[in-house]
Amino acid sequence: MPEDEREKTLTLKRDKSIAKDQKKLDEMRKKLHTDDEMDWLDHSKTLREQGVTDNDVLLLRRKFFFSDQNIDQRDPIQLNLLFVQCRDAVLNGTHPVTQDEAIQLAGFQCQIQFGSFVEGKHKSGFLELKEFLPKEYIKTKGIEKKIFLEHEKLRNKGLNEFEAKAKYTQMCRSLKTYGITFFLVKEKMPGKNKLTPRLLGITKESVVRMDEKTKEILKTWPLTTVRRWAASPNSFTLDFGDYSDNYYSVQTQEGEQISRLIAGYIDIILSKKKAKDHLGIDGEDEAPISEDNVAPSQATIIQRNQAKIGHADVGSVAMPAVLRGANTGQSSFSTGSMGSAQHSQVSNEAHVGHANRQSQNIREQTLSHSQRALITIIDEGMTSIKKAQSQMDHGATLPQLGDDAASKKWRQNTLDLSRQKVSAEVSAMNAATAQLVTLSAGDEEPDPQAVSSAVAQITSNIGEFSHDVRMLAALHEDENSGNNLMNAAKRLAGAFSDLLNAAQPNARDRQNIIAAAKIVGEASQEVMYGVGETAEDLDRMYQETLLALAKAVAGATSTLVLKAKGVASSTDDQGLQNKVINSATSCALATSQLVACTKVVAPTIASPACQEQLIEAAKQVAQSVEGIVDAAQQACRDDRLLQDLGGAATMVTQALNDLLQHIKKGAGPTHAHEAHEEAVDTILAGTDKIVSYFGDAHEMVKQARQLAQATSMLVNAIKGDAEGHTDSDMQKRLLAAAKALADATAKMVEAAKGCASNPNDAMQQHRLRQAAEDLRSATNIAASNALKKKVIKRLENAARQAASASTQLVNAAKSANTTNTNTSSQHQLDIQINEMNEALPKLVQAFRASMLNTDSATAQLNLINQSKDFIQPASALIAASNAANPTIGDQAAALNLSHTVKVMSNALAELRSSTSKSEEAYGSLEIDSALDQLQTLDSEMIEVKRSAQHGQLRPLPGETAESSASKLGATSKTVGSAMAQLLTAASQGNDNYVGIAAKDTANALRVLADATRGVAATSDDREVQELVVESAREVINQSTKLLEEAKKAMNDPENPENQQRLNQVAKSVSNALNNCVNCLPGQRDIDNAIRQITDSFQALAVTQFPPTNKNFQDVQLEMNNVAVNLNQAASDIVTSSRGAPKLLAESTRQYSATYEEFVKTGLTIAGITKDNETQSQIVGGLRSVSMVSSKLLMASKQVSADPNAPNSKNLLQNAARAVTESINQLINTCTVSAPGQKECDNALRQIQMMQNLLESANEPVTDMSYFECLDAVMERSKNLGESMTGITNHAKKGELDDFCDSVHNFAGSVCGLTEASSQAAYLVGISDKASEPGRPGLVDQSQFARANQAIQLACQNLANPASSQQQVQYRMFIIIYL
């Protein structure tokens, strides 16, 4: 077969999109002489087992440089082999050497080849220098003379050939690169989304990272620090455990070769270590000792046999007896015939020479450990499929939804999310199916781990697939469509069940797997049709073309097989004939697999994983075609037959190329017909390369030439667009842009010429880089619309792939996490899964909206923002998955998790890159986009109000009155914070920060609008509905004004009135936010109660006491009862503030009424008292109760509006205790009772107020540690016992003062014991592994709250006239310090 025709069959071995890069890498490999292409034989197999024939030529080389230091002239054979390998490595540049080292080595080589120096013979022109020197020194003037001088020096030493070889190898061992096996890989550049070539070296002691040009060692990792490593077809990753925080991952196709080399060195290290251990004692416990008598009374050799731990086998355990005498060693013995065992297996017997007699009929087919594990995994998959099928027997139940816009939007968003998830899950399962088909190729048993990983991928997705399909079917408006989708999903589940049955290791048949895979493809096609996924690259025409191209490959292969049969019949050599026939059969089977894979992945060909599997199947066909051609050339000498067969092989190759081109078309972006889009891509990529190649003048100039060609195309395209426009202004703008682009190109060309003429001039390189950046700016201006469309289309594709990858990662993580043995990593992974489930719907909604509204800048900016927000939870999920992977008990699930993490990492990298470039194109539209969003929100609020008026407003699934009210209260703070940032940025004139603040404001108001709708939908009060919606509209309208003022301020930053207008509008926004929160159920009642208490407080300034006919004792009793009721009402407020708004409203009204009665009774008892000082104390006590009551209500309002606010619940509890203390002080002042009664009443009220601490321990009560709590509990318990004893003893003895002290101590002990117990319970709860860890904020809000409280208390004490000078100074210090 002609050489050019043969090369055509090799095109499928590499993806054409990276052909250029691959070619460069291949050139570097040849230059560097790496071991990438070295095909080492397996030392555990014979040559025949590895297909080595008598005609094959083998190269003897040293693979492991571990013990070669001991090789010297005593072992001439090994020494010669090592010398030849070292000599070749020096000559071809594998080992870089200096000129002096090269001369010295060449002198040794002369001594080896020619013997001692002969003056008349060994002179210039005698040597063939390329056989003695590296090529970089061959043309050095006078170097041959220097070699002979070095050779002459050796004459006096009298070295023979082997001594010179030993010296040569000894000198080579001193080279820095000796013993290093090189692999050319690609690694990610720091801070850039770009791969750069790098040399990875493996030695007997370490893994080294080296410069690809100079072979300088950049970093070294000792092998002892390598915890584990992983190889895939396109990458290799090292994990250094605790020695490094990050993995080291490189891109390479030689991962398996690197893995085997590292494993070989580690095995040698371990074997050496074991050999040092004492035989059979300190070594392996399982290693038997064999004893062999050499001769009587002479010596006994004891050696240690290699231990082999295997799995139990069924067999006969009978062994012949061994009879030993006392002193004579082994004695003779006789054996009889035992019954033949039906099943037995004999291996690794310790007593050689005492072999068991072979039984008959002992053959039994057994499964390896990995195969048994695969059966278990398949059984689990079958169970999951059955469970999914049973779930799909019943559809999902949807809650009752309204007809308003929000309900319709929820339905559409849920529909889009379910479609996306189902598509991702079907794509993953189809890719796994195609992988099973590919793995079934060949006669050898497929890798059980790879099969297990594919099965695990199906298993992890089938459960979520059934859930999402049920939801999708329920959301279909047409019931028949929903039923059809459910039926198609059931058929797909059944097809997967058949596939797993066919993949059983004890019943695997290639044809059965292919047949089952085809059914999977047909069923998935029905599912995708029912899903309604109609993206451009998934349309039916594209799929039909894909299938037609696969069938064309099959047709061409059929012709090739017929030609191969003709070639086989032309030879008489049976072996060669069989070889041709076998290769043709393999080609036919590979093509059958390709067609089956095509049918499987066609419905989901947009998935990169599906494309990868189809490309792999095509490569197998290409390899089988090469096999036919090679076999035919060996078997036949008929040129005509070979020519016909070569033509048929070319047709197959062409059909495969057409198929791959069609796949590439489906994977690429759409709208590629735009004339200037390709040129823009080339310019953007070229300018990036010029910047990255700074320092390499040759590459910079090369890229500049390509840029000049691309800009020429773009200029012509823009001029063509200008000619097609009828608008003269547009023509002028386009022509001006073309001229600016042409001028920038001319400047770049001049800079490139200067750089080419002076390649070492850094200033010329800098000029070229600057010119390239100017050209990029001109391109952005000239093709801004095309650029924006391009980057946003790329971002849409990246977002879709990221959403698909995240769905697969979530499913894989859920499946793997069930076998996680580490509780902490398991819980952390669950948290990240939940966060991803919250972030995913927003991303799906964003890219769907952008795809539907291609001209909407708002939708596109929203996609950019949601993509940015998606990166953080996605990165956290990847990190949590990597952290959990080592502790996953199921190996198949762990492999599947690793695979999905890799896919997610690639998708996330593309999303991050696309987002960054999109931001660059859309960076100045944030305020306009935010204004558009606010206008949309206002329209939605009008629709909500209309629906409420017609009684059609229904809560969305998951919405409750409590959650909506809490969400509204919390979001009001977020809106306020965003507004503050907007004011600050606008006053500073910072465009970037204003845009960010505007985006944050719009996002916060979106949440506020959703919460407002939830509050209105969960309320039956029409007045409340109308008030809360109108207040939210007011917030939106005022926020719109604020954004407009900010925009004006940015357009006119020098206007002195900007700040004043901004502050006025911001104040209006703040008032509107307060009014919105006050409209919440319960909040209005609190405001009314606060106003009532404020009025009462002001009324207390007027000393008018109500008249009464009751005596002092009756009023005093009434005062005590009302105090008990008020204390209970305060306790009820604390409890209800954490519950439903209705309960808080009721408790607030109860507290208000009880407070009014308490004040009235207090004024009454003050009026009865004739002592003016006592009256003033009672009125002062009432004023104190009024103040703390207001604080209590304000704290309850804050907790009700935002239950998760830092320290809010503690502040509420403290306010309630302050109410109790104020009541107790007032009661002590205004009542006269039996001795000890006041103290007992006060104690009861204090204890009653502490009961709320025992209801839940979700927040810290104090700053005490756990052991401090234990000490406090012990101390308080001791005091409690003493107080109880004192109460009893002092009551019996009538010691009233001591009795009162004991009661006081009793109350304090109970309260302190309660606080310490609650704090200890909180600490115990957060220390549990299942507890969700807290995340520190930018500032400690709890500390701010405590400081605020301390400052307020200090201010009150400062205002107290009774404070001493020392107290005043102390309080001033507190205020200044805090």
Side-chain angles (χ1 to χ4, degrees), residues 961-962 965-966 968-969 1077-1097 1121-1162 1182-1227 1242 1244-1259 1261 1311 1314-1315 1318 1345 1349 1352:
E962 293 81 3
S966 174
L968 180 59
V1077 174
N1078 292 336
C1079 291
L1080 291 173
Q1083 299 289 318
R1084 289 186 301 165
D1085 298 278
I1086 294 176
D1087 289 337
N1088 293 334
I1090 292 174
R1091 282 193 293 269
Q1092 184 179 352
I1093 292 174
T1094 302
D1095 294 340
S1096 299
F1097 181 81
N1121 293 334
V1122 175
V1124 172
N1125 294 336
L1126 185 62
N1127 192 69
Q1128 181 61 45
S1131 178
D1132 292 341
I1133 283 183
V1134 174
T1135 303
S1136 61
S1137 63
R1138 303 169 182 169
K1142 291 182 179 180
L1143 296 177
L1144 179 60
E1146 294 175 1
S1147 60
T1148 301
R1149 288 193 292 267
Q1150 180 64 31
Y1151 185 86
S1152 178
T1154 307
Y1155 170 80
E1156 285 294 322
E1157 187 178 356
F1158 180 80
V1159 171
K1160 181 179 179 182
T1161 306
L1182 290 173
R1183 291 170 64 87
S1184 177
V1185 173
S1186 298
M1187 292 176 61
V1188 296
S1189 296
S1190 297
K1191 291 182 179 179
L1192 173 66
L1193 293 174
M1194 290 296 296
S1196 65
K1197 181 178 180 180
Q1198 181 181 5
V1199 172
S1200 175
D1202 187 7
N1204 297 320
N1207 211 37
S1208 59
K1209 295 178 182 177
N1210 286 340
L1211 293 176
L1212 177 61
Q1213 185 67 35
N1214 293 335
R1217 293 171 66 179
V1219 170
T1220 301
E1221 292 172 0
S1222 297
I1223 292 173
N1224 289 342
Q1225 291 176 2
L1226 181 59
I1227 293 298
N1242 292 343
L1244 288 172
R1245 283 190 287 269
Q1246 289 177 355
I1247 295 172
Q1248 182 183 14
M1249 190 51 64
M1250 298 301 295
Q1251 67 180 1
N1252 292 308
L1253 292 180
L1254 301 177
E1255 292 181 356
S1256 61
N1258 297 329
E1259 289 191 357
V1261 179
C1311 292
T1314 305
E1315 281 187 343
S1318 179
Q1349 187 179 10
Q1352 288 183 357

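Residues take their numbers from the sequence shown, with the count starting at 1. The figures here come from the full heavy-atom set of this structure, side chains too, leaving out hydrogens, waters and symmetry mates.
In terms of the side-chain contact (heavy atoms from CB on, under 4.5 Å) criterion, residue partners of Val1188 (sequence neighbours excluded) are, by chain and number, Ala1218, Val1219, Ser1222. With sequence neighbours excluded, no residue forms a salt bridge (charged side-chain N to carboxylate O under 4.0 Å, His left out) with Arg1091. Residues that satisfy the side-chain contact (heavy atoms from CB on, under 4.5 Å) test with Ser1136, not counting sequence neighbours, are Leu1143, Leu1144, Ser1147.
Closest of all the heavy-atom pairs between Val1122 and Phe1158 is CG1-CA, 3.3 Å.
With values rounded to the nearest 0.5 angstrom, Ile1247 atom CD1 is found 11.5 Å from Thr1220 atom OG1. Once rounded to the nearest 0.5 Å, the distance linking CG of Asn1127 with OG1 of Thr1154 reads 11.0 Å. Taking CD of Glu1157 as the start and CG of Leu1126 as the end, the distance is 10.0 Å to the nearest 0.5 Å.
One side chain, Asp1132 or Gln1128, offers a donor N or O that lies under 3.5 Å from an acceptor on the other.
Checking Ile1090, Val1159, Ile1093 one by one against Ser1189, the side-chain contact (heavy atoms from CB on, under 4.5 Å) holds for a single residue, Ile1093.
Of the possible polar contacts, one joining the Ser1186 side chain to the Leu1182 backbone as a donor-acceptor pair under 3.5 Å is found. Although no hydrogens or angles enter the test, the distance criterion places a donor-acceptor pair under 3.5 Å between the side chain of Ser1196 and the main chain of Leu1193.
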Task: Pair Met1194-Lys1191, side-chain contact (heavy atoms from CB on, under 4.5 Å): steps then yes or no - done: CA-CA 5 Å; Met1194 290 296 296; Lys1191 291 182 179 179; 5.6 Å; no
